[in-house]
Every structure is written in structure tokens, then in C-alpha cells.
Protein chains: 2
Amino acid sequence: MLDEPDSGIARWRRIADDLKRAIADGTIRDRAPAESELAERYGVNRHTVRRALSVLNAEGLLRTERGKGTFVNPQAPRLSYPITARTRFSENLARQARSPAGRLIRADRVAADGPLSAALGCRPGAPLHRLETLHVADGVPLSVATCHFSAERFPGIVAAYAETGSITEALKREGCADYRRRETRISAGRISPSDAEHFGLGPDAIILLAVAIDVDLENRPIQAIRTRFAADRMELLVETGSEPS
Amino acid sequence: MLDEPDSGIARWRRIADDLKRAIADGTIRDRAPAESELAERYGVNRHTVRRALSVLNAEGLLRTERGKGTFVNPQAPRLSYPITARTRFSENLARQARSPAGRLIRADRVAADGPLSAALGCRPGAPLHRLETLHVADGVPLSVATCHFSAERFPGIVAAYAETGSITEALKREGCADYRRRETRISAGRISPSDAEHFGLGPDAIILLAVAIDVDLENRPIQAIRTRFAADRMELLVETGSEPS
DNA sequence: ACGAATTTGTGCGTATGTATT
DNA sequence: TAATACATACGCACAAATTCG
């Protein structure tokens, strides 16, 4: 099928393109054939198939699980995450997705290191609550966030979040009526192994990284957030329409 | 060196980590040893070294050129690119870098397709100027942008940009005194082969993708821009400090 | 509960092609 | 032209995780 012309293009690349097409038109739906079968079908070595699969894996089209097989990632249209002074996860996605939800993955206490103490305006070594939260919409994991709060100022933040599933609500219970986003720094990189598991993505998936600082109404830093978005499921939207200069 | 304990971690991963360390502490500087030599040094097959190198390549630490060798990418600290209503490349970087410059890579005319005509508020099929520009600071390529302008409204934009090297100046000559950014959509993905060449990065490098729309003072769309940033050289900064709500 | 079959992950050795020096 | 260096591809073997009878 792919062996007639000496096209000058690597076989793994042609196979990758062919698999992409097969996924797009539904020939490959839920689960991809085993590597060994694809190798036989294309008349190539299994390594060559694996090279092709790794491309689709990195692009988020496929997810490979050792011992189980290779599966097609459900591809929803990319959701928009607006970044404004009032950036909140649940409000942001309430209109685009059906069931946004935040779940606590992990919570512990750490000491503020240099960058963190600078961001939060506390002394180095100050005790912090660290929350790791997973955000899901329509059953699809969209982002994982690591938040840092002053343990002195918000002693009960962990329990409050665990109950409410919302940072905004948890902060209200801790006496912070409102807050806003001061800045967001956006970069991109490869996913970490633990995040890959949470997202159900392969180890070469790409994430959007947003590092942000929220402040209270007196402009004092409340939390430092490090959010990882699955790059093929989300985009960040910055609207600068009304700003004068 | 790496073969004593059966650490349960793949050899290519350990080699990748070791190479990273060697790059960080300057043991490997300008150019990396040939794959065959690394293989011999680590006592592994060349394939195993290549697997390790591909990781560093994807992270932008190395750049591999066929027939020539593997080279260490100069790693400047990541520059910040503020996104505001007045986003302009040269102003943005003037304070952080020494010699920002824009160069025209390619210019041609295309017909507006669906998304483009919607973004620019013109009829589908309308003639557009398409400019591809490369932006460099301190000799390091930071971004490649593809801009679309109405060919009817800005007939001489290409020549004007070629002369001035600045979109802002070129628009002034074409009768558009000022403009501002309406929105920016940020996502991430793998680099394209042609961009990889412009950036001097490997084929698995990661880019930040910013798709933006600029409008004139009457809020009419002027240009649609698709900027690709080398993710390991730039971060985007969104400041939402003053916004009321 | 347990072993066999399946499936992916890692690694070696070899060979050949292609670009650069 | 020859030597060097990276790119692709095959085949083999075994490890590790999962599935299934």
C-alpha cells in the first residue's frame, strides 16, 4: 500500500500520515490495532510503526498504555480559557462545557522557596499550603493546577476546598471575599509523567503552562498558581479590547 | 559509569539526564560528541544514545544537523513578551534585548478563506497580502509571524515593511496612524519543519502559538497574525492589574 | 490463584542511505 | 574521492504490564 513509489519520504512519516487519515475518517475509532499487526499490515518492522505512533502520540491523537494497547483520544474542539482580572476556572468554562468540576489530587505543606516567597510577598521558609487540583469538563481532564497559599493566613483552605471544590468559595470561607488576577506568565513544554497520567495523554504530550499570581482587594498576593493545560484541548484567550493604552 | 545498578530506569533516560547535567555544568559546551562516540563512552548501542539525544533535542537543549553533528543551543534566559492592547514586537523587547529586528522571509498574495475573512471582516476570497517575518533579538531567532492584510486597503504594505522592518511604521505609511490588539488566542504545539529551520531548533521543538487580531481606531480589523514563539526562549506575559472587573 | 497469551517498552546488532567535511 | 556523521530500517531478544482462560 505504501511501498510502490520511492517517494523520498521516510516510511514512518508516510505511515504516520496514513494513520492520521484513518483516525480522521473513522477507520480507526476506539482502539488502534496492535503494533505488531500494523507492522504486518504496512509490511514494515515494528520499530517503524512505533516511530509513526510516537508522532501521533505526541500530537495527542493517540494514547499508548503498556500492556494494554493504543487508543484513540477523544478529540473535542479546543475550549477557550479567557484570562482576565477575574479569571476563575468554573465560571470560565460554565458556558462552553457542561459539567466543569475541580477535584483535589493532593494537599501538603511546604516551605516557601525564593521565587515563591517573592511572588507571595512572604519571608523565605514561610509555611505554605500546596494544593494540587485537577479540572475536568464533560469528563475530559483539561488542566492540573498547583496552588500555594500562606498557611498562616489561610489555615483551613485545604478542608474548605475539599468541601466546595472551588477556590473562590474556599477563600470566602477563609475570610477573603474577593480577589483578582495580577499577572499570568504563559509558556509551553513537555508534559511531566505524573501529569500525563492525570490527563490520560502520552509521555510526549505538550502542555501550556500558566504561572499566575492572584491578589486580594488591597493588592496583596493571595496565591501563586501553576496551571498546566493540555495543549490540544485548551487555548488561552486574552482580550485587550477596551484598554486605552 | 551508568551500568552498575539495575536502577529500574531505562538506560536512555539515565543517559539523557547525564547529558543534561553535562550541558548544565559546561562539560559539554559548543558541540556534543558524535553519537558513535557517546555510544562507546556510555557502553551502549548508538540507538540508545539517539533516543536520549532526541529528548534533549525536543527540549531545545540540543540541535542535531544531519551530516554535521549535534550542537548545544545557546540558552538565554527566557524573555517576556507582554500582551497588551499596544502589543508591538520591537517596543516589547527593546528593554530586554539589545538588538531586536524584524526581517521579511516571504511575501505573497492569497485569497481570504473562511476563518480569515471572518477575522478580518472582509468577503471570502478577498485578496490579501501575506507576510512572513522573522524576529530576532541579540542574534537569536525568537518568533516567526504570518500576517494577513487586506490587499485593497494596504496595497503597498509589503514594500513598506521591507524598507522599515516594522509593521507599525509600514502601517503609518499606508495611512493607518495607530492600531491596537483586540484579542490573542494562545495555544502550543510542535514546530513545523520550516519554522524549525528558521529557529535553528530540532524537528520536535515546541512552539507557543499566538493567533491575534489587530484593529484600527474605529475598531475595524487591520491584520490577522499568527505568531510562533520558540517556547524555550520566550514567555507571554498577561498583566491584568488595573482592570476593574 | 495462577499461568499462558497478548501487547507495549527497551536494547542490541547490522545494514544502508544521505548530507557534510 | 574518501572519511565522517546523522537518518532510516530490519530482525532478534527479552522485560514489564495487562488480559484472559
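Only a predicted model underlies this, so the values are computations on that prediction, with no experimental measurement involved. In the text below, chain A, chain B and the rest are named by the order of the sequence lines, each starting its count at 1.
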Q: Can you find a donor-acceptor pair, distance only, under 3.5 Å between B:His47 side chain and D:dA9 base?
A: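 Donor-acceptor pair under 3.5 Å: yes.
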Q: In whole Å, what is the span from the CZ atom of B:Arg14 to the C1' atom of C:dG9?
A: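 It is 15 Å, rounded to the nearest whole Å.
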Q: For the residue pair B:Thr146 and B:Arg106, confirm or rule out a side-chain donor-acceptor distance under 3.5 Å.
A: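 No.
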Q: May I have the distance from B:Phe71 (atom CZ) to C:dT20 (atom P), rounded to whole angstrom?
A: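 Roughly 11 Å, once rounded to whole Å.
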Q: For A:Asp108, is the CG atom crowded, meaning more than 12 foreign heavy atoms sit under 6.0 Å from it?
A: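 Counting neighbours around CG of A:Asp108, more than 12 heavy atoms of other residues, nucleotides or ligands fall under 6.0 Å, so yes.
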Q: Expressed as a whole number of angstroms, how long is the span from A:Leu38:CG to C:dT6:P?
A: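 It is 17 Å, rounded to the nearest whole Å.
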Q: Between B:Arg233 and B:Leu201, is a side chain to side chain contact (heavy atoms under 4.5 Å, CB included) present by the stated rule, with each step listed?
A: CA-CA 11 Å; B:Arg233 297 174 188 170; B:Leu201 292 173; 3.4 Å; yes
Q: Starting from P on D:dA5, measure out to CZ on B:Arg31 and report it in whole angstrom.
A: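 After rounding, the gap between these two atoms is 7 Å.
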Q: Between C:dG11, D:dA15, D:dA7, which nucleotide gets closest to the side-chain atoms of B:Arg50?
A: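 Comparing C:dG11, D:dA15, D:dA7 against the side chain of B:Arg50, the answer is D:dA7.
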Q: So, does B:Thr48 get its side chain near the phosphate of C:dC12, meaning an N or O under 4.0 Å from OP1 or OP2?
A: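 For B:Thr48, the contact criterion (side-chain N or O under 4.0 Å from OP1 or OP2 of C:dC12) is met.
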Q: On DNA chain D, nearest-nucleotide positions of A:Arg13 versus A:Lys68: which is more 5'?
A: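 Nearest-nucleotide comparison on DNA chain D picks A:Arg13.
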Q: Please report the C-alpha distance between A:Tyr161 and A:Ile167 in whole Å, then the side-chain angles of each, then the deciding distance to 0.1 Å, and finally whether the side chain to side chain contact (heavy atoms under 4.5 Å, CB included) criterion is met.
A: CA-CA 6 Å; A:Tyr161 181 82; A:Ile167 290 288; 3.7 Å; yes
Q: With a 4.0 Å cut-off, would you call B:Arg78 and B:Glu235 a salt bridge?
A: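 No, B:Arg78 and B:Glu235 are not salt-bridged.
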Q: Could you state the CD-P distance from B:Glu35 to C:dT14, rounded to the nearest angstrom?
A: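 One finds 18 Å between P of C:dT14 and CD of B:Glu35, rounded.
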Q: Send over the distance from A:Glu197 CD to D:dA17 C1', rounded to a whole Å.
A: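 Value for this atom pair: 13 Å.
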Q: In whole angstroms, how far is the P atom of D:dA7 from the CZ atom of B:Arg66?
A: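 In whole Å, D:dA7 P lies 7 Å from B:Arg66 CZ.
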Q: Which is more 5' along DNA chain D, the nucleotide nearest A:Arg46 or the one nearest B:Glu65? Just name the residue.
A: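 The residue mapped nearer the 5' terminus is B:Glu65.
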Q: Among C:dC12, D:dC10, D:dA7, which is the nearest nucleotide to the side chain of A:Arg11?
A: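 The closest nucleotide is D:dC10.
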Q: If I take atom CZ in residue B:Arg51 and atom P in nucleotide C:dG13, what distance separates them, rounded to the nearest angstrom?
A: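 Computing the B:Arg51:CZ to C:dG13:P distance gives 18 Å.
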Q: Can you see if the side chain of B:Asn45 gets near the phosphate of C:dG13 - specifically, an N or O under 4.0 Å from OP1 or OP2?
A: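 So the side chain of B:Asn45 is within the cut-off, an N or O lying under 4.0 Å from OP1 or OP2 of C:dG13.
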Q: Using a cut-off of less than 4.0 Å, is there contact between a side-chain N or O of A:Thr70 and OP1 or OP2 of C:dT8?
A: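 The answer is yes; a side-chain N or O of A:Thr70 sits under 4.0 Å from OP1 or OP2.
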